[in-house]
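Before any comments, here is the structure.
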Amino acid sequence: MIKRSHTCGELTKTNIGETISLCGWISKRRDHGGLSFVDLRDRYGKTQIVFNEELHSNVFKKAKKLGLEDVIGIKGVVVQRPSEAVNESMITGEIDVEVSQIDIFNEADAMPFDVNDRNSANEDHRLKFRFLELRTKDLQKNMFIRHKAAFAIRDHMSKNDFIEVETPVLMKSTPEGARDFLVPSRLHQGKFYALPQSPQTYKQLLMISGFDKYFQIVKCFRDEDFRADRQPEFTQIDIEMSFVDQYDIINMATGLTRNIFKEILDVELAKDFPQLNYHEAMERYGSDKPDIRFDMELNEMSSYVEASNFNAFKSVLEKGGRVKGIVCPNGESYSRKVIDELTDFMKIYYGAKGLAWLKCKDGKLDGGISKFFPEHVQNLMLSDLKINNGDIIFMIGDDVSVVWQALGALRLELGKRENLIDNSKWAPLWVVDFPLVEWNSDEQRWDALHHPFTAPHPDDIDLIDTDPANVRSLGYDLVLNGYEIGGGSIRIHKRDLQQKAFSLLGVSDEEAEEKFGFLMNAFRYGAPPHGGIAFGFDRIAMLMSGSNQIRDVIAFPKTTSAMSLMDNSPSNIDKKQLDELGLSIKK
RNA sequence: GGGGUGGUAGUUCAAUUGGUUAGAGCACCUGCCUGUCACGCAGGAAGUUGCGGGUUCGAGUCCCGUUCAUCCCGCCA
């Protein structure tokens, strides 16, 4: 067997005259009769190797039958290319390898798609042959970014005294939050393990154990519906610290994020990331994960509405609702048809009742609902909101949550349409002071916004009994370019406060004991104040690789229906396996 | 659970209002070619139009159902 002396990405004219050997895949073939050029590829690059009938007729004959993606090893001499044949776009473009010996390791069938071009097949087809898609330059680059990021994280955390502790993958099911993936127990028939949604309880127990700086790069599992940035199994950078407040965590996580971007992309992020509290984020951007690479903030419109004759909005205000609006440039391009499309978008997806608009023309407001606004009100709007000629103003009036959500989505849509987003920009920010709980009207109860171990803001503890909706938590999210890439909180570390939190969430003592008794019990034996954060490692890798699909940074991802098209999982199992587990399939 | 988009040779796409034998690039096969790098030239093979039903003289095209992929809403403590 020919073993390689070099990779396919490194030979240059300094190697001319050397006898070398290479191993790799045939990326491209150009046959000229007695002379045949082959681009040999491995993950380091490509090198052009030449088969010459006159020089090595035996080898030439063997090479005649070579096809795309055959795997070969060759031995030969590095030679200078004729000057007119130099390919300046390749590192190895000044040399050829004159092949004198060849091993054909494996001949490939006709390829299902062209691995030189990732776009040569649809995604479902590429997923079926994911091992081939992973040969593409794009995915090799992405996997390398991911590897470097994981390496940089471990290095950074270790240097800062954090230790990585592995926690169980088979754990107790807790029906709170996301749906669990379940694993039936053979030895305890009828009982189930769950795969962790996150190692949350374990890392809190590790704090009680005294591992005051813990981290783990760890797989987590959530059985919900999937999106471009969500997979059933995903990887978190899980971190927890003792004897800290939320600003210690924020500082640590900012430092880690800056380090990753510096190491992998050589990007210098701001020393401190901007911070917005939740309420401000919603009021200004209509989102708890705002993309602040562009402005176009949401404006308060109630004073203009009150001074107007537009009764639809006035009655919204009377009923305690809100009216907000955004000012968008390039209003001429918003024809009736386009506005109707945007209106449907608002109605169908965000429950808005409509989308009001007015345009600014010749220094005056025009069209849409402009006639309901007296001239002096219009003038105020023009000057307060800095509306320019050609702008269009969109307004929505509704319950505050609808206004926030709909306008937040509209802001993003308009930002894209108007090309306001600078793709070269990195805009991290912290969102803090989240509400502790939100009302779940379906279940008629309060749900934890983050999770049930999140500490309430110390200033708001008295409100827990009287006004739960306005209790802030010591929770925080790290947002980058409109993606939530991390989130965490200071945890409750006292048994009585944890009990209070459970009772607010409608978790009975018995239930709390059954589900979280082991944690509650641990609080009896010396629990330090602690808190932490978990980063979505896949999302970070995705953003760093310039993608908006998490699948692009996962070697073997699942589809949006949680299937693996490559190995066809999930799949049926033998009756024998079911019997061993004491399970039967419901018909 | 709901909505949008898509599924046609191995693959990427085309196919006029429903109308002849469903076409083209790449890949594949055969032959030619000694400086190509998207090599070139000549020829060839390749199709259950996702699946099931319906309308029609006639369906890739229209209708209903279903399935898969993808994007979004719900969901994701």
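Just so you know, these numbers come straight off a predicted model, no measurement behind them. Hydrogens, waters and symmetry mates are skipped; everything else that's a heavy atom, side chains included, is used. All chains are named by letter (A, B, ...) in the order of the sequence lines, taking the proteins before the strands, and each is independently numbered beginning at 1.
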Does B/A24 have a Watson-Crick or wobble mate here (both distances under 3.5 Å), and if so which one?
B/U12
Could you tell me how far apart A/Glu413 (CD) and B/G4 (P) are, to the nearest whole angstrom?
17 Å
Which residue lies more 5' along RNA chain B, comparing A/Pro112 with A/Arg227 via nearest heavy atoms
A/Pro112
Which part of the nucleic acid, if any, lies within contact of A/Tyr349, taking any heavy atom under 4.0 Å across all strands shown: a base, the sugar-phosphate backbone alone, or nothing?
base
Letter per nucleotide, 5' to 3', of nucleotides 35-45 of chain B [B base touched, S only sugar-phosphate touched, - untouched; heavy atoms, 4.0 Å]
BBB-B------
Using both distances under 3.5 Å as the test, list the Watson-Crick or G-U wobble partner of B/U70, or none.
B/G4
note: A/Glu107, atom CD; B/C28, atom P; distance rounded to Å ~ 13 Å
If you count every heavy atom of other residues, nucleotides or ligands that lies below 6.0 Å from A/Ile91 atom CD1, does the total exceed 12?
no
Can you find a side chain N or O atom of A/Ser120 that sits less than 4.0 Å from OP1 or OP2 on B/A27?
no
Provide the distance between the two P atoms, one in B/A27 and one in B/A22, to the nearest whole Å.
25 Å
Answer with base, sugar-phosphate or nothing: what part of the nucleic acid does A/Gln405 contact at a heavy-atom distance below 4.0 Å?
sugar-phosphate
Interatomic distance where NZ belongs to A/Lys128 and P belongs to B/G50 [whole Å]:
16 Å
Counting the atoms with a prime plus P, OP1 and OP2 as sugar-phosphate, which does A/Ser198 contact under 4.0 Å by heavy atoms, base, sugar-phosphate, or nothing?
base
Hits for ring pair (Phe, Tyr, Trp, His ring centres under 6.0 Å) against A/Tyr350, two or more places apart or cross-chain, chain-then-number order -> A/Phe345
Could you state the atom-to-atom distance from CG of A/Asp114 to P of B/C26 in whole Å?
12 Å
To the nearest angstrom, how far is A/Asp117 atom CG from B/C26 atom P?
14 Å
Taking CD from A/Glu123 and C1' from B/G6, how many angstroms apart are they, rounded to a whole number?
13 Å
Using the test salt bridge (charged side-chain N to carboxylate O under 4.0 Å, His left out), find all partners of A/Lys61 that sit at least two apart in sequence or belong to another chain.
none
What does A/Gln549 touch in the nucleic acid at a heavy-atom separation under 4.0 angstrom: a base, only the sugar-phosphate, or nothing?
sugar-phosphate
Indicate, with a heavy-atom threshold strictly under 4.0 Å, whether A/Phe226 touches base, sugar-phosphate, or nothing.
nothing
Name the nucleic acid region contacted by A/Gln200, choosing base, sugar-phosphate or nothing; use a 4.0 angstrom heavy-atom cut-off, strictly under.
base
Determine the contact category for A/Leu68: base if any of its heavy atoms lies under 4.0 Å from a base atom, sugar-phosphate if only primed atoms, P, OP1 or OP2 are that close, otherwise nothing.
sugar-phosphate
Using atom CG of A/Asp124 as one end and atom C1' of B/U12 as the other, report the distance to the nearest whole Å.
13 Å
What does A/Glu53 touch in the nucleic acid at a heavy-atom separation under 4.0 angstrom: a base, only the sugar-phosphate, or nothing?
nothing
Any idea which of B/U11, B/C71, B/C68 is nearest the A/Thr560 side chain?
B/C71
Distance, rounded to the nearest Å, where A/Met111 contributes CE and B/A27 contributes P:
13 Å
Closer to the 5' end of RNA chain B via nearest nucleotide, is it A/Asn119 or A/Lys65?
A/Asn119
